[in-house]
Amino acid sequence: MAPVPTSPSSSSTVSPRLLHSNSSEWNAVVQRNIKTSLLLLLVLSTIFVFSVLYSSRRLGSTAAEEVLTQSPLVWDLDVSSRLVPGEEEQIDELIVPAESKVAPEQSSPSDISLPSANLSSAPTAPTPSTSAEGTGDQSVVGVQVEERCDMSAGKWVREPKGPVYTNLTCPTLPDFKNCQKYGKDPGHLFWRWQTDGCDLPRFSPERFLDVVRGKRLAFIGDSLARNQMESLLCLLSQAETPTDVYRDAFDKFRTWHFAAHNFTLMAMWTEFYAHGVPVLDAEGKPTASFDIHLDRLNTNWTSRLPGLDYAVISGGNWFFRVNYLWEGGRRVGCVNCREANLTDFGIVHAVRRVARAALEAIARCRDCKGSLVTFLRTYTPDHFEHGSWFSGGYCNRTQPLEEGEISLESIGWELRRAQSEEVARVRETTGSRRFGVLDVTKAMMLRADGHPGKHYDKRWVRNASDCLHWCLPGPVDMWNDVLLQRLAQISPPPPPLVR
Ligand SMILES: *[C@@H]1O[C@H](CO)[C@@H](O)[C@H](O)[C@H]1NC(C)=O
Ligand SMILES: *[C@@H]1O[C@H](CO)[C@@H](O)[C@H](O)[C@H]1NC(C)=O
Ligand SMILES: *[C@@H]1O[C@H](CO)[C@@H](O)[C@H](O)[C@H]1NC(C)=O
Ligand SMILES: *[C@@H]1O[C@H](CO)[C@@H](O)[C@H](O)[C@H]1NC(C)=O
Ligand SMILES: *[C@@H]1O[C@H](CO)[C@@H](O)[C@H](O)[C@H]1NC(C)=O
Ligand SMILES: *[C@@H]1O[C@H](CO)[C@@H](O)[C@H](O)[C@H]1NC(C)=O
Ligand SMILES: *[C@@H]1O[C@H](CO)[C@@H](O)[C@H](O)[C@H]1NC(C)=O
């Protein structure tokens, strides 16, 4: 009952690395047709909206060292609902929203409640993942996610071979991530993640498709989840051309099929995992803020869980705006608000809570496959320097940062810790070993050179940089290198151990 969230400081010890990395994201696919142009327009104009929002909110310009410690929003695909008063006109000058088709996904989107979300319980300490083998009950299902190699630790080393695909060999590469087309220095392409304790092999599309034959995998989250999805589509299309089989009216849910391998790849959009609704202004128009109901889940994604074999969740970037936290029908606090009578629980706490809600929802999903394996891809930061989206911020580095240039005391690192602790927690509370972490935070902290920056089509958005999302090809492809290793380890299930 007590609406007192866990304080971030309760998890202050630096946990050993117990993560893995992988993630995914996607967006619209370039299909050389009108839909594509409209979609591009929509997405880029949304960047514009956010840029405006954030440039006015961020606290002045950011020093180069601080850049790595901050991270703002992610663009939304839904332009019309995220404007703050007074900005509609600017947007209308840039775009004509292409939202003609209005077809709500859910006929009855009643929300699931999370009965035992416990605000006062402290996060559990990470469990050593190797010592806690299941006693056999879980292994009936056959899958145990154990990390055989810590792929989160390593360094970027030169890779003369360059990426697995190019903008000429990936038909689904979105224009707004096609950095080479818009003149980005190619230097960022010639690096690979060298893990400290083991090898992370070059991505093999054939191997991946072999591992996921007959399976269904979903990337669930925001635009960075889509970024990974887009990367995976490009990587896999080197072996088999996917078919676009489903897209909802807002392009928030997307399904691709690789027929020769009967592999289904899905993207599911959710900013918060919990139920979030835009806060309305006095005129009833949505503002940039959300009311996040921590004890209710967004059914748009939970209703699509049944049938999945693999889920990759992520999140975090939407918590850098002013949001309000609700529980038990009451507003219990906020994130980033400056209202005297409201408790600001902080970004880390909010991200921890939605990670917990998402993991519990999956653990409790009765209609899901018993063999469903879930990975949480950890947070990745932006790299704006000297400003933000529209306040002159840029990211024009041409090689990875040095280890000494990143801060392991940044909020990004705290978010990673909270997320990985929540995975350890759900493993402990449910006894299930079907949850793992794809820990890409450190690797991506180093890649200030991997964002589009100013290298996208300027017809749609003028004078803005994107230092949050990742170029394709680019360092984000590494998330799928890691995902492949993790999936290969659990599929097919290892033969049961004789005890
Ligand atoms: C909720 O938290 C309280 C205080 O930490 C604890 O006593 C209680 O057992 C918890 N309940 C659940 C369901 O976790
Ligand atoms: C692909 O990238 C090259 C630069 O490497 C660029 O010149 C070309 O226009 C791009 N082509 C497409 C179709 O994006
Ligand atoms: C393809 O995979 C789905 C599960 O994703 C399965 O239900 C279906 O039977 C498979 N089809 C074939 C032809 O193997
Ligand atoms: C669920 O999806 C529909 C259609 O995309 C959207 O209008 C609605 O706002 C979503 N619900 C939540 C809680 O995000
Ligand atoms: C906080 O104060 C404002 C202004 O005094 C008031 O309108 C609002 O209802 C208060 N909120 C809470 C949660 O008490
Ligand atoms: C672009 O943004 C910068 C920083 O806000 C500003 O100084 C400059 O005047 C802008 N340029 C144009 C052409 O709007
Ligand atoms: C990056 O941009 C800044 C500001 O425009 C400029 O001063 C700097 O020289 C640029 N660096 C590179 C490597 O292009």
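For reference, positions follow the sequence shown, starting with 1. Note that ligands are numbered from 1 as they come in the structure, with each ligand's atoms numbered from 1 the same way. Keep in mind that what you see is a predicted model, and the values were worked out from it rather than measured.
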Atom 14 (O) of ligand 7: nearest protein contact (heavy atom, Å):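 Checking every protein heavy atom, the shortest distance to atom 14 (O) of ligand 7 gives N396 ND2, 3.3 Å.
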For atom 7 (O) of ligand 7, what is the nearest protein heavy atom, given as residue, atom name and distance? Y394 OH, 4.6 Å
What heavy-atom pair brings [X] and [Y] nearest, and what distance separates the two atoms?
| X | Y | result |
| --- | --- | --- |
| Y324 | S289 | CE1-CB, 4.2 Å |
| R254 | D244 | NH2-OD2, 2.5 Å |
| Q238 | P205 | CB-CG, 3.9 Å |

What residue among Q180, H451, R447 forms side-chain hydrogen bond (donor to acceptor under 3.5 Å, both in side chains) with H188?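 So, applying the side-chain hydrogen bond (donor to acceptor under 3.5 Å, both in side chains) to H188 and each of Q180, H451, R447, only Q180 qualifies.
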Would the number of heavy atoms belonging to other residues, nucleotides or ligands and lying under 6.0 Å from NZ of K155 be above 12?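 Atom NZ in K155 is not packed in, count stays at 12 or less.
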I need the atoms of ligand 4 closer than 4.0 Å to a non-hydrogen atom of [X], numbered in the order shown.
| X | value |
| --- | --- |
| F250 | 4 (C), 5 (O) |
| N298 | 12 (C), 13 (C), 14 (O) |
| H275 | 13 (C) |

Stepwise, does the salt bridge (Lys or Arg N to Asp or Glu O under 4.0 Å) test hold for R331 with D291? CA-CA 8 Å; R331 188 165 76 168; D291 284 327; 5.4 Å; no
Under 4.0 Å from atom 9 (O) of ligand 3, is there any protein heavy atom? no
Take atom 2 (O) of ligand 7 and look for protein heavy atoms under 4.0 Å from it; say yes if you find one, no if not. yes
To the nearest 0.5 Å, tell me how far N480 CG sits from L232 CG.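 If we round to the nearest 0.5 Å, N480:CG and L232:CG are 4.5 Å apart.
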Quick one: does ligand 4 sit under 4.0 Å from the side chain of E271, the backbone, both or neither, non-hydrogen atoms only?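 Within the 4.0 Å criterion, E271 makes no contact with ligand 4.
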[X] heavy atoms, cut-off 4.0 Å: which ligand 3 atoms fall inside?
| X | result |
| --- | --- |
| G214 | 2 (O), 4 (C), 5 (O) |
| R216 | 5 (O) |
| N262 | 1 (C), 2 (O), 3 (C), 8 (C), 10 (C), 11 (N), 12 (C), 14 (O) |

Taking the six-membered ring for Trp and the single ring otherwise, decide whether the centroids of W318 and F290 are under 6.0 Å apart. yes
